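Given the structure is predicted, the values throughout are model-derived calculations rather than measurements. Order of the sequence lines fixes the chain letters, A, B, ..., with proteins taken first and strands second; residue numbering starts at 1 for each chain.
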Amino acid sequence: MSPEQQLAHLAAGAAKVLSEKELLEKLRLGRPLRVKLGVDPTAPDLHLGHTVALEKLRQFQETGHQAVLLIGDFTATIGDPSGRSATRPPLTRDEVLANAETYTDQAFKILDRAKTEIVYNGDWFRKMNYEEILRLNSRVTLQQMLQREDFRNRLDAGQEIRLHELQYPIMQGWDSVEIRADVELGGTDQLFNILVGRDLQKEEGQPQQVVIVMPLLEGLDGVRKMSKSYGNYIGVNDPPQEMFGKLMSVSDELMDRYYQLLLGETRDSAGHPMDAKKSLAAKITSRYHGADAGPAARADWETRFSKKDLAAAELPEIGISSLPADLTVLSLTAHTFRTAFGMEKSNGELRKQFIMSGSVQLNGEKLIDPAAPVAPQPGDVLKLSKKHAVRLI
RNA sequence: GGGUAGGUGGCCGAGUGGUUAAAGGCGGCAGACUGUAAAUCUGCUCUCAUUGAGUACGCUGGUUCGAAUCCAGCCCUGCCCA
């Protein structure tokens, strides 16, 4: 590919490229560019929001450039204040390292492991002494930091900003110096941090990195960005059925967004929105679970939700022998939620919401008395809610 | 260091001695309707138990028959001043 073709390919879908001109110049150097993507292992699981930038990194990789995946093991113990209205609780080092492990494993569902350089910023930050930290800090002014929207907002709203949070952009910027990054990728919320990297590189006499920021992917609620802490995410490791199901629950508007950001396509507005959504869900499920997984999840989903044929659907199974003694509707419901779905529900919640509302059904028959004894047989289907059902074996 | 405002349930936010487990909103969950969409409607939303009980309004003590509400000390945050 010519530099010009590369440029078009690599800039596609970005919210902002600073600047295309600089990127073109770098591409014309004819050497592999060092493309940095920093990941913040504050949560172990990668979700589709992360994949937007990872996909872009892969495009660079496929075009012959060097992907540098920076694990922010040190910075994660601070917590990136980006886009946050409150201080984030810090993680311990062990938590961070454990997260980083699963994180990279999942990242390599997208990236080519053999061609990816992985670096940990703890490697340099842990060695810094106070003198060096002061020197680094002296290069940035408070005013510069306060240009950042989220700091500014918090300041204006009278919310606390702890000083260590101000360090985050500086540290992220220093990472770029250490890596000698030619390009840094990130979400739009990373723009400021990435720009700090440019400043620091300039001071160090390095060529400045090109900034490519990708749009932020909204989470399942369609409002806030996808994030583990909002609980509105689709994990890369979510099982196929769950992934498919979550995608089916998004609004039509959000579906269009997902088409654009995750598939790089525009949704065909001719067909029924539901069909478009099924197609989106199948494609994404296939992407992370293999080509067969999407169609399989789709067929399964249709059996279960379109035809409402629970008897024929793939369901989690629960052994009758594992059930507690003196089984009542209440204890059966609690046990099933816990073992099949890992959900702890209070008795009041189970009683009032699930049982007495008629949500809990055994083979389609409502079990509305929490205290009533039940004796499920092998093959019975226990439905807890529209989205939760199991087969007893 | 001084002054001042404040700290209420996941969040926001009422509440200033007693029907206050604490109005209202948001969020969340369940149901109806549907396309597991949107919109709408209904119910639930501290915990345990069948009516009932326990725990809860920054923390610790105190006043009182009774406190989220009054008093004292402490901790924390914002703002103004130094």
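Within 4.0 Å of A/Gly358, counting heavy atoms only, lies no atom of the nucleic acid at all. Contact annotation for A/Phe354: backbone-only contact, meaning every heavy-atom pair under 4.0 Å involves sugar-phosphate atoms and none involves a base.
The side-chain heavy atoms of A/Ser251 and A/Glu218, taken from C-beta on, include no pair separated by under 4.5 Å. With a 4.5 Å cut-off on side-chain heavy atoms, A/Leu217 and A/Thr51 do not count as touching.
A donor and an acceptor atom never sit less than 3.5 Å apart when one is taken from the side chain of A/Asp221 and the other from the base of B/G27.
In this structure, the side-chain hydrogen bond (donor to acceptor under 3.5 Å, both in side chains) partners of A/Lys283, at least two apart in sequence or on a different chain, are A/Glu265. For A/Lys366, there are no salt bridge (Lys or Arg N to Asp or Glu O under 4.0 Å) partners two or more places apart in sequence or in a different chain. For A/Lys56, the salt bridge (Lys or Arg N to Asp or Glu O under 4.0 Å) criterion is met by no residue, not counting sequence neighbours. For A/His289, the ring-ring contact (aromatic ring centres under 6.0 Å, His included) test picks out no residue, with sequence neighbours left out. A/Phe108 is linked by a ring-ring contact (aromatic ring centres under 6.0 Å, His included) to nothing, counting only residues two or more places apart in sequence or in another chain.
Residue A/Ser385 places at least one side-chain N or O closer than 4.0 Å to OP1 or OP2 of B/A30. At B/G31, one or more side-chain N or O atoms of A/Ser359 fall inside 4.0 Å of OP1 or OP2 (strictly under the cut-off). Considering only side-chain N and O atoms, A/Arg351 lies under 4.0 angstrom from the phosphate OP1 or OP2 of B/U50.
Of the residues in residues 285-292 of chain A, none has a non-hydrogen atom less than 4.0 angstrom from any atom of RNA chain B. A heavy-atom distance below 4.0 Å to RNA chain B is reached by these residues of residues 265-283 of chain A, ordered by number: A/His272, A/Pro273, A/Met274, A/Lys277.
For residues 197-207 of chain A, the salt bridge (charged side-chain N to carboxylate O under 4.0 Å, His left out) pairs, not counting sequence neighbours, are A/Glu22-A/Arg198, A/Arg139-A/Glu203, A/Arg139-A/Glu204.
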Report all side-chain donor-acceptor pairs from residues 345-353 of chain A shorter than 3.5 Å, counting only partners two or more places apart or in another chain.
unit_1	atom_1	unit_2	atom_2	d
A/Ser346	OG	A/Glu349	N	3.2

Side chains of residues 317-326 of chain A: which donor-acceptor pairs under 3.5 Å do they make with residues two or more places apart or in other chains?
unit_1	atom_1	unit_2	atom_2	d
A/Ser322	OG	A/Gly319	O	2.7

Donor-acceptor contacts under 3.5 Å from residues 309-316 of chain A side chains, at least two apart:
unit_1	atom_1	unit_2	atom_2	d
A/Asp309	OD1	A/Ala311	N	3.4
A/Asp309	OD1	A/Ala312	N	3.3

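One atom, OH of A/Tyr258, and another, P of B/A37, lie 15 Å apart when rounded to the nearest Å. With rounding to whole Å, A/Ile355 atom CD1 is found 12 Å from B/U50 atom P. For A/Arg298 and B/G35, the CZ to P distance is 15 Å, given to the nearest whole Å.
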Would you tabulate the nitrogen or oxygen pairs shorter than 3.5 Å linking the protein to nucleotides 44-47 of chain B?
unit_1	atom_1	unit_2	atom_2	d
B/C44	O2	A/Gln353	NE2	2.6
B/U45	OP1	A/Lys352	NZ	2.9
B/U47	OP1	A/Ser346	OG	3.1

